[in-house]
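Presented below is the structure to which this report refers.
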There are 2 protein chains.
Amino acid sequence: MTRALTAKGAATRQRIVAGTADLVRARGADQVGLDDIRAATATSKSQLFHYFPDGRAELLRAVAAHEAGEVLSDQQPFLDGLGPAGSWQAWRDAVVAKYQEQGVHCPLSALTTQLGPADPGIRVIVADLLDTWHTRIADGVRRAQAAGLADPSLEADKVASSILASIQGGVVMMQATGNIEFLKVPLDAALAVIEPPAGA
Amino acid sequence: MTRALTAKGAATRQRIVAGTADLVRARGADQVGLDDIRAATATSKSQLFHYFPDGRAELLRAVAAHEAGEVLSDQQPFLDGLGPAGSWQAWRDAVVAKYQEQGVHCPLSALTTQLGPADPGIRVIVADLLDTWHTRIADGVRRAQAAGLADPSLEADKVASSILASIQGGVVMMQATGNIEFLKVPLDAALAVIEPPAGA
DNA sequence: ACAAGGCTGGACTCCACAGTCCAGTCCGAT
DNA sequence: ATCGGACTGGACTGTGGAGTCCAGCCTTGT
């Protein structure tokens, strides 16, 4: 399936994907046409179809995969460090700061809400992302338990689901209302199970 | 702004909104064209524009308002009864059953993910819905506290945010993965704060 | 009964936008 | 140096779908 790609070609392809991702994040997938992409990435129609023979749909799948990677790599350092005292709070702060800064331009919601429903290929990407993310969090919970910092009777997978859902839900509510408290409060509540807030 | 509407006209308008809502739920907003709506509601283009002079956008706003009403009225009996022992579990079961049955055809996600982002007018509707829903839950928490069934030191508003986010996030994750556990588990965890599971 | 005006049908216009095509240019291997 | 194939530009086509128009029907009030 992979065709011969020179370094130059790979760079162009990458530029298209990244540029399209920016547009999708900013406006939503259905507000982004091939002409917008052309303009934003300094390319021509023929280039778009050269790199993505199946057209717009294939390009959007590539964008989805790209964004899914971004979501994870953004948090990679925090996720790997999850476990020790304070690590959960640090991650929480990073997540909140990230969403506070991006506001409505969120790769995650672009994936789940704009791209996902339409294309089954993209749903798979989203499902994989959630699964990986979930696994990383659950691993962190187990590390905390092994270190004696968290109640060993907790079921790590369930705790991870709960934390992850609080993020997803918090983001949805934040997007709709513009109030970041709807992210902070549920996330804090979900995390309290494993690492009670410092002030308690 | 309201024009004269005879009983017949009101019925037609209502038929259009309800029929469009069905289509949007089934396929997603961007997969529903005016011709689909015509076919599904046995109407003509001119009727569509007669009742919704601003066209598709205005119709979709009406659909959003309609669906928001449905979400609340579906749960009305449970929300009003929130407080007493067992009432939370009953509500939880109803919510889970509802989503299990609808699967991916969910008015709520249609609102938040399909319609919401594009149109600011719809975002307001969604924000109102979330706000009302949040208030109802918080009231239930306070009733439980007043009855001595829940820890009086809990902040009702925060607990309500946490519960609501677990539903939103659970639904998002369920949609993406097809696994309803991602709704059940976080919702149970959020509710455990106020009414510990029967088996505990 | 007979206006007045809400209600309905459906053909028509208009355009945004995905996708095609071909004539070129650049690069890398022999 | 030259040949093949990757790469690029941009004009062109075709179509789906939103919105327009107007002629005719039905209801309601007087």
Side-chain angles (χ1 to χ4, degrees), chain A residues 1-24 26-64 114-115 117-119 121-122, chain B residues 1-24 26-64 114-115 117-119 121-122:
Chain A
M1 166 211 153
T2 31
R3 317 190 32 179
L5 268 197
T6 67
K8 190 182 179 187
T12 301
R13 197 194 127 104
Q14 171 57 23
R15 193 173 79 244
I16 294 172
V17 171
T20 305
D22 288 343
L23 288 177
V24 168
R27 306 190 205 162
D30 49 353
Q31 299 300 312
V32 176
L34 295 189
D35 286 329
D36 301 311
I37 296 171
R38 272 194 339 94
T41 61
T43 50
S44 67
K45 272 283 181 64
S46 66
Q47 283 172 286
L48 263 30
F49 283 85
H50 180 72
Y51 294 106
F52 305 94
D54 282 350
R56 191 186 141 87
E58 185 179 356
L59 172 52
L60 287 183
R61 277 194 295 275
V63 169
Q114 307 291 321
L115 302 169
D119 182 337
I122 291 184
Chain B
M1 161 206 161
T2 31
R3 316 191 31 180
L5 268 197
T6 67
K8 189 182 180 188
T12 301
R13 196 194 126 104
Q14 171 57 22
R15 193 173 79 243
I16 294 171
V17 171
T20 305
D22 287 343
L23 289 176
V24 168
R27 304 191 207 163
D30 49 352
Q31 299 300 313
V32 176
L34 295 189
D35 287 329
D36 301 311
I37 297 171
R38 269 191 345 89
T41 61
T43 50
S44 66
K45 273 282 181 67
S46 66
Q47 282 172 286
L48 263 30
F49 282 85
H50 180 72
Y51 294 105
F52 306 94
D54 282 350
R56 190 185 142 87
E58 185 180 355
L59 171 52
L60 286 182
R61 278 194 294 275
V63 169
Q114 307 289 321
L115 303 168
D119 183 334
I122 291 184

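Chain letters run A, B, ... following the sequence lines, proteins first and then strands; every chain starts at 1.
Judged by distance alone, with hydrogens and angles left aside, the side-chain atoms of A/R61 form no donor-acceptor pair with the main-chain N or O of A/R56 at under 3.5 Å.
Protein atom CZ of B/R56 is 16 Å distant from nucleotide atom P of C/dA16, rounded to whole Å. Residue B/D35 contributes atom CG, which lies 13 Å from atom C1' of D/dT15 at whole-angstrom precision. In this structure, A/F52 atom CZ and C/dT20 atom C1' are separated by 18 Å, rounded to whole Å. Between the NE2 atom of A/H50 and the C1' atom of D/dA6 there is a distance of 6 Å, given to the nearest Å. The interatomic distance linking A/D30 (CG) with D/dG17 (P) rounds to 14 Å, in whole Å. Going from atom CG of A/L34 over to atom P of C/dA18 covers 4 Å, rounded to whole Å. The CD1-C1' distance, from A/I37 to C/dA16, rounds to 15 Å in whole Å. When rounded to the nearest whole Å, the span between CG of B/L48 and C1' of C/dC7 equals 13 Å.
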*Just do the side chain to side chain contact (heavy atoms under 4.5 Å, CB included) check on B/L34 and B/F49 with the steps written out, would you?*
CA-CA 10 Å; B/L34 295 189; B/F49 282 85; 3.7 Å; yes
*Apply side chain to side chain contact (heavy atoms under 4.5 Å, CB included) to the pair B/I37 and B/L23, showing each step before the final yes or no.*
CA-CA 8 Å; B/I37 297 171; B/L23 289 176; 4.1 Å; yes
*How far apart are the C-alpha atoms of A/F52 and A/R13, what are their side-chain angles, what is the distance that settles it, and do they pass the side chain to side chain contact (heavy atoms under 4.5 Å, CB included) test?*
CA-CA 9 Å; A/F52 305 94; A/R13 197 194 127 104; 3.4 Å; yes
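For D/dT8, the OP1/OP2 oxygens have no side-chain nitrogen or oxygen of A/T43 closer than 4.0 Å. For A/Q47, no side-chain nitrogen or oxygen approaches OP1 or OP2 of D/dC7 to under 4.0 Å.
Taking the nucleotide of DNA chain C with the nearest heavy atom to each of B/A7 and B/R38, the more 5' of the two is matched to B/A7.
Considering every non-hydrogen atom in both B/I122 and B/L60, the closest pair reads CD1-O, 3.9 Å. For the residue pair B/I16 and B/T43, the shortest heavy atom distance occurs at CG1-CG2, 4.0 Å. In this structure, A/R38 and A/K45 approach most closely via the heavy-atom pair CD-N, 3.4 Å. The two atoms that bring A/D36 and A/Q31 nearest to each other are OD2-O, 3.8 Å, heavy atoms only.
Within the 4.0 angstrom heavy-atom criterion, only backbone atoms of the sugar-phosphate kind lie near A/Y51; the bases stay farther away.
Considering only heavy atoms from C-beta on, A/L5 comes within 4.5 Å of A/Y51 through its side chain.
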Close N or O pairs between protein and nucleotides 21-29 of chain C (under 3.5 Å):
none

Look for any protein N or O under 3.5 Å of an N or O in nucleotides 3-5 of chain C and output each such pair with its distance, or none.
none

